[in-house]
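A quick write-up on the structure given underneath.
The shown structure was predicted, so the numbers you read here are calculated from the model rather than taken from an experiment.
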Amino acid sequence: MTDLNILSLHLNQLNEAQKEAVLYGTGPLLILAGAGTGKTKVLTSRIINLIHTNIVLPHQILAVTFTNKAAKEMVHRVSEFIPAEGLWLNTFHSIAAKILRRHADIFTLSSNFTIIGVDDQMRLIKNLLKEKDIDEESYPTKIISSIIQRWKDLALSEDDISNTDLKTEAHYIAKDIYGLYQFKLKALDAVDFGDLLLYNIKLFTKNPNILAEYHNRFKYILVDEYQDTNIAQYMWLRLLTNSDKNICCVGDEDQSIYGWRGAEIGNILRFEKDFPNAKIVRLEQNYRSTNNILFAASNLISNNNHRLGKNLWADSGNGEKVKIVTLADSNEEANFVAKEISKLEIDSSTSLKNIAILVRAGFQTRNFEEKFISYGIPYKVVGGLKFYDRQEIKDILAYIRITINPGDSLALERIINIPKRGIGPSNLASITEYAATNRLGILAAISVMIAKNLFKPKIKVELEKLTSLFYEWKEAFSRLEVKAAVQQIVEQSGYLEMWKNDTSIESQGRIENIREFLSALKSFPNINEFMEHVSLVTDNDVSDNDNMVNIMTIHAAKGLEFDIVILPGWEEGIFPNQRNIDELGTKGLEEERRLAYVAITRAKKKLIITNAMRRNIFGKWQNSITSRFIDELPAENIVNVNYGFYSGHNTVSQTKSINNGFYLFCVGDRVKHEKFGEGYVLRISDNQLEISFDNYGSKKILDQFVKRF
DNA sequence: TATTGTGTTATTTTT
DNA sequence: TAACACAATA
């Protein structure tokens, strides 16, 4: 496996630019990898090469990604060629957590601190706002928490917040809450996602000796998706880079689409300034799309000013032109897409799983779902509710959390009355208050309160039962396998029973989810490792097993590719999104344009962009204007089709032709007649269609004589 | 404590 | 429009 021949074979598969990037020696290196140019291949080949040629040992390499999926894929590809024991290849957060656990004592955290998710974060902040008597109407939890998170993205601790950061009243409130929030987290022995990096940065800046250890260890640093790094991640990377500056960043400024989440496109644009004498390699040969698609994307993105620039090309030929289709309204748009898909499936026997509908925002999926159901087209909406985000899974996780960490009041709050134990909000409030004033962990507080007889008899009994169960389960974790212990929790708590007795439609699904959850536990040696997995990994698989049309947001499609891509809703306000432009001006518009670029470059063979002249938004019909992005596509690579003439003046009976219960035609359909050629349906009465033929004008024809296509 | 009513608010969400 | 959160109600 580790034969030199394999490696050279591997290298021979690379193009010149890729080879240059893989073999480049020491010093800072920026690989500008356009969409579909093989960046993962280059990154992994570079790692393989570093190890194989004995430049460094695997454990002297630090490789960082954003997603677990990317990390997993890269590990897989590397280990296919070479044993890479000790290689650190993982997400920013996972590596930061690993480092922080090693030095947790410096921050008076235990080495198995909890990593809390967004929901707990919200709950904590909500509680704090209530405690501080802050009016939630004017300062909603969402706003305050997002301000704090943004500060963390900027690597600002509470005492780093200066007056210039306090732009609104809400920022002042957020500053106060920030301090209290951090205090609460400490008390819970917990950190949030942002903290993972913040603590790392503090660790490195305040402890030069510790930083030196890491400098000594990591000879080469590689970073994936550099365009999406935020300031904290940037600082973290700069701190970890030693004086040799062997840092290799791969990215594409044109695909930076997470600015609203704190990603700083400036990081990649500034690379040469940050690292003088940096080498820049551009990967411009695209292996994914045909040239019509590629040129459309290139032309569009050339309207952005904040970029380093590159020219994508492919030698796979021009392919089909990009189709721009205008429909009368949003219903017709969904109709058109559904018909187009049926047609594709029948005519070119395309598998549905190779088709994707990429929308700007989640609410757009609904139209398509409805139409697909009525047409009987199998589909799946990718990236909806994640497995670990399901109510029943979170409940069980809360049971586990309070069991292994008796101070985790957030977890207890969640499940103390699920299933019903008669312990309502007022009881809970008295417990948390008692815990706070006596500086006790939540479970300890309950025990003391039971001993002091501070509960009503019924409640006392329930709490006694519950607390003794927690201790029993804790013991079970040390004695039994993870799955068996959790099984015990699920049964003894009455949680599973609760869903079994539930008569609602979802309960069956929930029970199945619980079973799936239990079986997932099998692969973990201990509960701590499992909890780390849960807090840092979001399973979001696009499995190609099911043959279904994929519907998802453009964000969710990043990194994926499909033979056929349909991009609906290219209208001003929707795409580009109005709010983004209003709030961020040119900056917002450029990010929208990058989003359009990402969307277009997902397509391998066929790309259809649609827009509707009227759209039903929140129950109101609104006229819409074609997206400016459509005007930015080069005329020679596109073909326009206009079905937008009939704007909804037809009654239902006039818009559809139904024969023997089968739906046949719709006003606006393109049809073909043997003698008169192509045209579209103007009006329908029963089985008689009025058709406007392209070359023969309008005629009345019985539906049996024409075909829809 | 469960149910009904009212009001509010509708981007994107890698960890 | 519709979904969701939260408050008032029996």
Side-chain angles (χ1 to χ4, degrees), chain A residues 64-73 90-97 115-119 121-122 126 136-137 140-142 145-146 149 152-153 191-197 224-230 232-233 236 251 255-263 330 358-367 370 382-386 388-389 417 420-427 532-542 552-560 569 573-584 588 591-592 594-596 598-599 615-622:
Chain A
V64 224
T65 66
F66 272 85
T67 64
N68 290 288
K69 199 178 151 202
K72 222 166 134 183
E73 191 190 339
N90 219 322
T91 63
F92 276 99
H93 290 89
S94 164
I95 290 171
I115 301 167
I116 66 160
V118 252
D119 55 327
Q121 195 178 331
M122 295 291 258
K126 189 172 209 151
E136 259 219 76
E137 295 274 279
T141 313
K142 248 194 343 206
S145 110
S146 77
Q149 265 181 277
K152 289 188 174 181
D153 289 339
V191 305
D192 65 18
F193 286 125
D195 284 337
L196 288 170
L197 285 147
D224 189 22
E225 307 272 21
Y226 189 61
Q227 78 281 352
D228 286 332
T229 49
N230 63 29
Q233 287 155 340
W236 185 83
Q255 291 188 68
S256 169
I257 57 174
Y258 283 100
W260 48 275
R261 237 175 154 267
S330 42
L358 309 182
V359 296
R360 171 67 248 262
F363 70 84
Q364 291 172 267
T365 62
R366 207 152 121 183
N367 267 326
E370 282 168 6
V382 179
L385 192 57
K386 314 231 168 67
Y388 291 130
D389 282 341
N417 205 28
K420 298 255 154 14
R421 301 186 175 92
I423 304 160
S426 59
N427 280 311
E532 182 90 346
H533 171 84
V534 172
S535 41
L536 292 177
V537 174
T538 44
D539 288 302
N540 203 2
D541 291 354
V542 183
M552 65 185 102
T553 64
I554 299 168
H555 284 92
K558 194 179 170 205
L560 305 176
I574 298 216
F575 196 24
N577 178 280
Q578 194 57 48
R579 212 150 97 188
N580 228 341
I581 296 175
D582 290 348
E583 284 171 13
L584 299 160
E591 180 147 321
E592 292 290 308
R594 291 193 292 270
L595 206 43
V598 169
R615 182 165 293 274
N616 195 310
I617 298 173
F618 310 136
K620 274 186 191 148
W621 283 100
Q622 284 177 9

Go through [options] for me and flag the one nearest to the [X] side chain.
X: A:T553; options: B:dT13, B:dA2, B:dT11; value: B:dT13
X: A:K142; options: C:dA2, B:dA10, B:dT11; value: B:dA10
X: A:R366; options: C:dA2, B:dT12, B:dT11; value: C:dA2
X: A:H555; options: B:dT11, C:dC6, B:dT12; value: B:dT12
X: A:F618; options: B:dT13, B:dA10, B:dA2; value: B:dA10

Open item on the list: Any carboxylate oxygen within less than 4.0 angstrom of a Lys/Arg side-chain nitrogen, looking at A:K69 and A:E73?
Closed with: no
Rounded distance in Å - [atom1] ([X]) to [atom2] ([N]):
X: A:R261; N: B:dT11; atom1: CZ; atom2: P; value: 17 Å
X: A:L595; N: B:dT13; atom1: CG; atom2: P; value: 10 Å
X: A:E592; N: B:dT11; atom1: CD; atom2: C1'; value: 8 Å
X: A:Q622; N: B:dA10; atom1: CD; atom2: P; value: 15 Å
X: A:H93; N: B:dT13; atom1: NE2; atom2: C1'; value: 12 Å

Task: A:W260 aromatic ring stacked with six-membered ring of B:dT12, 5.5 Å and 30° - done: yes
Task: Ring centroids of A:F363 and B:dA10 base under 5.5 Å with planes under 30° - done: no
Open item on the list: Using the P atom as the point on both nucleotides, what is the distance between C:dA3 and B:dT12, in whole Å?
Closed with: 16 Å
Task: Same-atom distance (P) from B:dT11 to C:dC4, integer angstrom - done: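 So the two P atoms sit 14 Å from each other.
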TODO: Could you go through the side-chain contact (heavy atoms from CB on, under 4.5 Å) check for A:Q227 and A:Y258 one step at a time?
DONE: CA-CA 9 Å; A:Q227 78 281 352; A:Y258 283 100; over 6 Å; no
Task: Identity of whatever pairs with B:dT11 - Watson-Crick or G-U, under 3.5 angstrom - done: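 With both distances under 3.5 Å required, B:dT11 matches none.
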